[in-house]
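Report on the structure given below.
All values below come from the heavy atoms of this structure, side chains included, with hydrogens, waters and symmetry mates left out. Bear in mind the structure is a predicted one, so any value in this text is a computation, not a measurement.
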Amino acid sequence: MTNKILTAPLEQTKTIAEKTVYSILFTISLSHLLNDMLQSVIPSIYPLIKTSYHLSFSDIGLVTLTYQLSASLLQPFVGMYTDKKPKPYSLPVGMGFTLTGLVCLAFARGFYSILLAVALIGVGSSIFHPESSRVAHMASGGKRGLAQSIFQLGGNAGSALGPLLAALIVVPFGQSSVMWFSLAALLAIVILIYIGNWYKAFALPKAKTTHAVTATHQLSSRRIGFSLAILIVLIFSKYFYLASITSYYTFFLIDKFHLSVQSSQLYLFLFLAAVAAGTLLGGPLGDRFGRKYIIWISILGVAPFTMMLPYANLFWTSILSVLIGIIISSAFSAILVYAQELMPGKVGMIAGLFFGFAFGMGGLGSAILGKLADSTSISYVFHVCAYLPLIGILTAFLPNLEVKKKKLA
């Protein structure tokens with residue numbers, strides 16, 4: 001009897017760890033929504049702080065750079081550390097940095113205090129993304145693409161929701177109203193403590209017993225490094241193109257079709273909704289048909305539509321933008337899980353590297369394309385970016401891991 005009592009929790013742990021834990025997946029997705037919603041508050045207050053503190057555009061650029069550096073460069077190092085030493089409660093600690101940054105931002109009274117505030121929010125993001133991606137991986141029950149898609153869906157929703165809430169709260173009531181967002185951070189901390197409890201009670205024992213992970217492929221270190229480099233280039237093409245849409249699509253529509261600001265925002269919303277749908281589809285399709293094929297379709301397959309977009313009328317522009325959003329957004333979950341399968345046991349490091357690089361490319365792309373638009377035209381930007389998905393041809397050089405798994409089996 002005593003032995004049964006002692007072994008029951010271990011058996012329960014094994015059963016839970018080997019199944020897809022949807023309650024955890026949707027909970028970590030909710031926390032991703034809250035995290036990315038809070039991150040997106042930063043650019044929404046730029047007009048306020050520029051006027052209040054007489055900042056130049058260069059100063060605003062430095063604020064963005066400070067946030068991006070702290071939010072992207074630290075992620076791989078956080079992931080590497082927690083791969084070796086799992087920290088179940090690092091997620092609420094990271095959200096604590098974000099909470100502190102929000103409070104500092106609400107009461108900042110000068111340029112340098114604003115830089116400190118956004119740096120703290122960036123550190124919170126650096127801790128959150130690698131570890132929350134690890135939680136999604138552990139709760140996947142083998143359905144890793146689906147798990148990452150559910151996780152990513154929350155982030156996309158939060159990024160879209162943040163500016164809307166900022167427009168309703170921060171713009172009418174001023175900088176100090178950023179404090180209201182600290183309530184969302186507190187809610188996220190409570191949710192992440194719950195996640196940490198699950199991590200510690202169920203997933204951490206499983207992770208410790210399977211710490212030495214054996215690869216399901218027989219690729220050399222050189223081939224793995226080459227494959228990772230290709231994936232990084234694919235991320236570059238995807239997020240540079242997305243930067244052209246998310247930052248300048250409304251300007252393109254206004255310039256070409258003479259739409260109002262409100263109407264152009266509706267077309268941008270359609271695109272963002274398509275991105276959310278594609279994010280949710282990409283992961284499970286990769287689980288079923290193979291991640292390499294989804295990467296092929298998502299990056300290279302979108303090229304015909306991106307090349308038609310600059311020449312289309314308004315009706316077809318809206319149709320093409322939806323198709324582009326669905327197709328191109330399906331890539332990230334497939335790329336991330338593919339990279340994690342290339343380097344098993346490095347879940348946090350890979351998540352940090354790819355989330356950090358994706359974030360950095362989005363910001364860098366926006367800045368470069370803005371310069372290009374200033375020196376040429378917004379239409380020229382869309383003509384140039386239309387060819388970026390052709391980089392997807394590099395997918396041909398990726399090994400087919402699914403075939404190798406079958407051979408090893």
Practice item. Apply the test side-chain contact (heavy atoms from CB on, under 4.5 Å) to residues L285 and Y293: give CA-CA distance (whole Å), side-chain angles for both, the deciding distance (0.1 Å), then the verdict. Key: CA-CA 9 Å; L285 288 175; Y293 299 114; over 6 Å; no
Review point. Less than 4.5 Å apart, any side-chain heavy atom of Y81 and any of V78?
Key: no
Exercise for review: Of all the heavy-atom pairs spanning S125 and T98, show the shortest one and how long it is.
Suggested key: N-OG1, 4.2 Å
Study note, to complete from the structure: When rounded to the nearest 0.5 Å, the distance separating CE of M138 from CG of L25 is 10.5 Å
Point to revise | Close side-chain approach of L388 and Y239, heavy atoms under 4.5 Å | key: no
Point to revise | Non-hydrogen atoms of A185 and M95 that approach each other most closely | key: O-CG, 3.5 Å
**Study point:** Exceeds 12 heavy-atom contacts within 6.0 angstrom, atom CZ of F357
**Key:** yes
**Study point:** Near-ring test F236/F240, centroid separation under 6.0 angstrom
**Key:** yes
**Study point:** Atom pair OH (Y249) and OG (S264), whose distance is rounded to the nearest 0.5 Å
**Key:** 9.5 Å
Point to revise | Residues, nucleotides or ligands: over 12 heavy atoms within 6.0 Å of F251 CZ | key: no
Check your understanding: Does A108 offer a backbone N or O that forms a donor-acceptor pair with the side chain of Q175 under 3.5 Å?
Key -> yes
Review point. Heavy-atom count around F397 CZ within 6.0 Å, excluding the residue itself: above 12?
Key: no
Check your understanding: Looking only at heavy atoms, what is the nearest atom pair of R134 and G348, with distance?
Key -> NH2-CA, 3.6 Å
Check your understanding: Looking only at heavy atoms, what is the nearest atom pair of F151 and A136, with distance?
Key -> CB-CB, 4.1 Å
Practice item. Look at the aromatic rings of F252 and F382 and report parallel, tilted or perpendicular, splitting at 30° and 60°. Key: parallel
Study note, to complete from the structure: Separation between OG1 (T20) and CG (L146), nearest 0.5 Å, reads 7.0 Å
Check your understanding: Do you know which two heavy atoms are closest between Q75 and P130, and how far apart they sit?
Key -> O-CG, 3.5 Å
Review point. How about L259 and L314: do any of their side-chain heavy atoms sit closer than 4.5 Å?
Key: yes
Point to revise | Reported CZ-to-CG distance for the pair F128 and D36, which is rounded to 0.5 angstrom | key: 7.0 Å
Check your understanding: Under 3.5 Å, is there a donor-acceptor pair between the side chain of S70 and the main chain of Y67?
Key -> yes
Check your understanding: Got a salt bridge between D59 and K50, using NZ or NE/NH1/NH2 to carboxylate O under 4.0 Å?
Key -> no
Check your understanding: Backbone N or O of I150 within a donor-acceptor pair of the S29 side chain at under 3.5 Å?
Key -> yes
Practice item. Any chance you could measure L234, atom CG, to L398, atom CG, to the nearest 0.5 Å? Key: 6.5 Å
Exercise for review: Of all the heavy-atom pairs spanning K238 and A331, show the shortest one and how long it is.
Suggested key: CD-CB, 4.2 Å
**Study point:** Separation of L120 CG from L115 CG (nearest 0.5 Å)
**Key:** 11.0 Å
Point to revise | Pair I232-L228, side-chain contact (heavy atoms from CB on, under 4.5 Å): steps then yes or no | key: CA-CA 6 Å; I232 290 290; L228 287 175; 5.5 Å; no
Review point. Are V302 and Y241 close enough that some pair of their side-chain heavy atoms sits under 4.5 Å apart?
Key: no
**Study point:** L242 vs F271, side-chain contact (heavy atoms from CB on, under 4.5 Å): CA-CA, chis, key distance, verdict
**Key:** CA-CA 10 Å; L242 281 178; F271 173 77; 3.7 Å; yes
Point to revise | N/O donor-acceptor pair under 3.5 Å between K346 side chain and G79 backbone | key: no
Review point. Are the side chains of W296 and I393 in touch, meaning some heavy atoms are under 4.5 Å apart?
Key: yes
Point to revise | Close side-chain approach of I28 and L91, heavy atoms under 4.5 Å | key: yes
Point to revise | Check against side-chain contact (heavy atoms from CB on, under 4.5 Å), K292 and L401 | key: CA-CA 8 Å; K292 181 177 176 180; L401 298 183; over 6 Å; no
Review point. Is there a donor-acceptor pair closer than 3.5 Å between any side-chain N or O of T279 and the backbone N or O of S149?
Key: no
Exercise for review: Verify, without hydrogens or angle tests, whether N156 (side chain) and A276 (backbone) share a donor-acceptor contact under 3.5 angstrom.
Suggested key: no
**Study point:** Note, I391 side chain near I299 side chain (heavy atom, < 4.5 Å)
**Key:** no
**Study point:** Heavy atoms of other groups near R109 CZ, more than 12 under 6.0 Å
**Key:** yes
Point to revise | Polar contact flag, side-chain donor to acceptor under 3.5 angstrom, Q152-S333 | key: no
Review point. Has the side chain of S132 got a donor or acceptor atom that lies under 3.5 Å from a matching backbone atom of H129?
Key: yes
**Study point:** Heavy-atom neighbours of Y380 OH exceed 12 at 6.0 Å
**Key:** no
Check your understanding: Got a sec: does the OH of Y53 have more than 12 other heavy atoms crowding it under 6.0 Å?
Key -> yes
Practice item. For the residue pair T317 and L309, establish whether any side-chain heavy-atom pair is separated by less than 4.5 Å. Key: yes
